[in-house]
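In what follows, a single structure is set out as structure tokens and then discussed.
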Protein chains: 2
Amino acid sequence: MPLRSRTRKQSAATIKDVAELAGVSAMTVSRVLNDKDKVRPETRDRVLASIEALNYTPNLSARGLVKSRSFFIALFYNNPSQGYVSELLLGLLNRCRQAGYHLVIENCGPKESDWEGGIDAMLAASHFDGVILTPPVSDYSSVRAALAEAQLPYVCIAPEKEIGAAPFVETDDFVSAAGMTRHLIELGHQRIGFIKGPPEHGSSAKREAGFRAAMREANLPVSEECVVSGDYSYRSSLEASEALLALTQRPTAIFASNDDMAAAVIATAHRHALSVPDDLSVAGFDDTQIAATIWPHLTTVRQPIEAMAETAMDLLSEAWKADRAPEKAQGIVIPSELVIRDSVAGRKAE
Amino acid sequence: MPLRSRTRKQSAATIKDVAELAGVSAMTVSRVLNDKDKVRPETRDRVLASIEALNYTPNLSARGLVKSRSFFIALFYNNPSQGYVSELLLGLLNRCRQAGYHLVIENCGPKESDWEGGIDAMLAASHFDGVILTPPVSDYSSVRAALAEAQLPYVCIAPEKEIGAAPFVETDDFVSAAGMTRHLIELGHQRIGFIKGPPEHGSSAKREAGFRAAMREANLPVSEECVVSGDYSYRSSLEASEALLALTQRPTAIFASNDDMAAAVIATAHRHALSVPDDLSVAGFDDTQIAATIWPHLTTVRQPIEAMAETAMDLLSEAWKADRAPEKAQGIVIPSELVIRDSVAGRKAE
DNA sequence: CTGTTAGCGCGTTCAA
DNA sequence: TTGAACGCGCTAACAG
């Protein structure tokens with residue numbers, strides 16, 4: 001194990017120490033670090049050796065000070081499902097480490113209004129190099145305005161629609177929801193309940209539209225009593241599913257807009273002594289951890305959250321390279337896929 | 001909405017701008033900011049006004065450079081349950097914002113060995129002001145050694161036992177597990193299954209010990225076939241609970257060491273057409289999100305994760321104030337509480 | 001109570 | 001190809 005060479009009080013080695021040990025000037029060390037101008041290979045090697053010997057790494061504060069960069073990016077989130085944040089973090093963290101960046105998490109509070117006051121000051125104080133917005137913050141106009149005013153590069157994850165020139169990443173909610181609905185229909189379900197997400201999430205409307213499109217495509221009527229509102233929370237879906245199961249013409253399948261709500265449907269079904277999937281098929285969306293944790297395992301749509309996060313970082317990198325913001329928003333959609341597990345079955349013959 | 005006063009290209013206001021506008025020197029501004037020496041109230045007010053007018057906030061890089069501080073602290077974690085991280089984050093974030101710190105999340109990889117190489121370099125590179133360790137990283141001796149060598153203040157969350165002089169926070173796993181076991185016993189259960197956590201988590205042994213102590217206290221024998229191993233994951237508990245339910249003398253209640261594993265017990269019970277809690281009572285530990293998400297809602301032990309996180313931050317603050325590390329480790333235990341929900345019932349008469 | 005000088009560690013600009 | 005100055009924004013020391 002390499003011991004720190006500086007024995008006295010710890011105080012990390014500086015570029016000067018490295019320079020001295022290598023017998024060059026600090027400037028030369030800086031050059032090999034930043035790979036800018038060419039340095040004679042021999043010199044370069046000597047410097048590299050000294051860096052290693054001293055276990056040196058540049059001081060971010062100092063570097064940031066001269067370059068006007070902080071090497072930190074922020075993730076703005078607001079109370080999404082726990083599984084969602086966790087997976088997002090994984091993807092982000094990967095890329096961050098590769099790029100030498102650090103990630104700062106900022107919770108925006110439950111409502112947009114909670115933030116309106118502080119966002120400006122917060123942005124000014126933090127000196128982030130970039131920001132990543134997760135839904136529903138992606139659609140907070142106050143946040144986006146503040147970001148734009150501060151001329152801070154940012155990328156939105158799953159925004160409702162492209163606004164301004166901010167790059168964004170999303171999955172194809174419409175297509176995936178339609179795909180799941182088709183799956184249900186192919187299994188013989190005709191009366192399908194749907195639980196909506198909250199209007200402030202862009203994905204809600206798209207998933208609902210996908211559901212309706214597939215139904216229309218199959219010439220199946222969508223009875224409006226079968227489409228109820230939720231807000232992506234387990235609790236909201238407890239009521240919603242109760243309403244659905246209380247219908248005189250009970251649906252044979254229920255498609256919930258996310259996994260948490262699907263979990264609640266299953267709970268309600270159990271309470272009604274209904275077997276899933278024998279008496280009722282249940283489908284979710286997102287494939288967060290809970291999907292394979294509850295019983296029966298959820299048939300759902302796997303949203304590539306981690307890949308989306310990685311892509312978001314890549315988009316940020318591009319924004320830094322390009323000095324100016326691009327003319328039009330660059331949007332990347334990463335497809336989702338159907339994950340068939342145990343909560344959906346063919347409709348029983350009647 | 002207050003518009004930024006500097007109209008040209010954005011480039012945040014500096015302390016000099018503020019000083020100029022207030023008609024004082026930069027030093028004075030610095031003083032009102034850091035509240036050190038007293039500044040004449042009138043002057044102070046003028047400065048404050050200028051700060052507000054310019055929407056000024058100090059540049060962390062510059063400040064960090066002179067104070068040799070980064071204003072960032074790191075959270076080292078390793079694949080704990082998603083609910084656990086999420087709640088931890090909430091508590092940490094609260095305190096961080098209050099204290100003007102930012103939080104950096106570092107994933108340590110699934111195994112300690114994944115880290116051994118990089119930890120030194122990583123620590124040197126990051127210049128964190130402090131680190132918070134979550135289990136099982138709290139017990140990684142290589143990490144703790146590196147931290148100690150770097151003379152970086154750190155606090156451990158739920159370590160196996162106090163090692164060295166690092167402050168720590170924990171909940172009373174032993175007492176809580178014993179309490180839950182007593183609850184089961186009071187409801188008439190005598191044959192109780194127990195699913196252990198992984199040995200690398202300090203909490204595992206303590207929870208098991210609490211269980212055994214309560215059984216002994218009630219003069220109830222613990223049949224070793226009723227104590228099976230898990231690793232805090234849902235999947236591990238699928239096997240474990242299968243083994244328990246296959247016993248010729250099946251337990252009437254199962255106490256799983258955490259909620260994820262309890263969820264798997266419920267799934268397995270359902271698969272065996274066993275009703276929870278009528279045929280089998282199931283208890284968990286942690287009260288993470290899943291506890292109130294699955295059906296039936298889990299009777300569990302609420303571990304005050306958020307409060308523990310906040311306490312961890314407070315401990316760090318104290319470490320900063322005290323120039324030297326304290327002689328003996330300061331440990332704080334925050335009690336857990338029983339949360340009675342629907343997965344446990346009295347034992348049916350036979 | 002307030003201003004001045006100096007320097008934190010690094011990258012830019014210029015000259016050698 | 002390399003080095004010497006200077007300054008980024010801020011605060012610790014010391015004046016005044």
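In what follows, every chain begins at residue 1, and chains take the letters A, B, ... in the order their sequences are listed.
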> Is there a side-chain polar atom (N or O) of Thr28(A) under 4.0 Å from OP1 or OP2 of dT1(D)?
Replying inline: no

>> For Glu306(A), is the CD atom crowded, meaning more than 12 foreign heavy atoms sit under 6.0 Å from it?
In response: yes

>> Evaluate Leu89(A) against Leu103(A) for side chain to side chain contact (heavy atoms under 4.5 Å, CB included), listing each step before the verdict.
In response: CA-CA 9 Å; Leu89(A) 279 181; Leu103(A) 189 62; 3.9 Å; yes

Filtered N/O pairs between nucleotides 8-11 of chain D and protein, under 3.5 Å:
{"residue": "dG9(D)", "atom": "N2", "partner": "Ala62(B)", "partner atom": "O", "Å": "3.4"}
{"residue": "dC10(D)", "atom": "OP1", "partner": "Tyr56(B)", "partner atom": "OH", "Å": "2.4"}
{"residue": "dC10(D)", "atom": "OP1", "partner": "Asn59(B)", "partner atom": "N", "Å": "3.2"}
{"residue": "dC10(D)", "atom": "OP2", "partner": "Ile15(B)", "partner atom": "N", "Å": "2.3"}
{"residue": "dT11(D)", "atom": "OP1", "partner": "Asn34(B)", "partner atom": "ND2", "Å": "3.2"}
{"residue": "dT11(D)", "atom": "OP1", "partner": "Arg63(B)", "partner atom": "NE", "Å": "2.9"}
{"residue": "dT11(D)", "atom": "OP1", "partner": "Arg63(B)", "partner atom": "NH2", "Å": "3.2"}
{"residue": "dT11(D)", "atom": "OP2", "partner": "Ser30(B)", "partner atom": "OG", "Å": "2.8"}
{"residue": "dT11(D)", "atom": "O5'", "partner": "Ser30(B)", "partner atom": "OG", "Å": "3.4"}

> Checking side chain to side chain contact (heavy atoms under 4.5 Å, CB included) against Ile51(B), which of Thr57(B), Val18(B), Asp17(B) comes through?
Replying inline: Val18(B)

>> In this structure, how many angstroms lie between the P atom of dC10(C) and the CD1 atom of Ile51(A), rounded?
In response: 10 Å

> For Ile15(B) and Ala26(B), which heavy atoms make the closest approach, and how far apart are they?
Replying inline: CD1-O, 3.6 Å

> Listed by chain and number, what are the ring-ring contact (aromatic ring centres under 6.0 Å, His included) partners of Phe71(B), not counting sequence neighbours?
Replying inline: Tyr101(B)

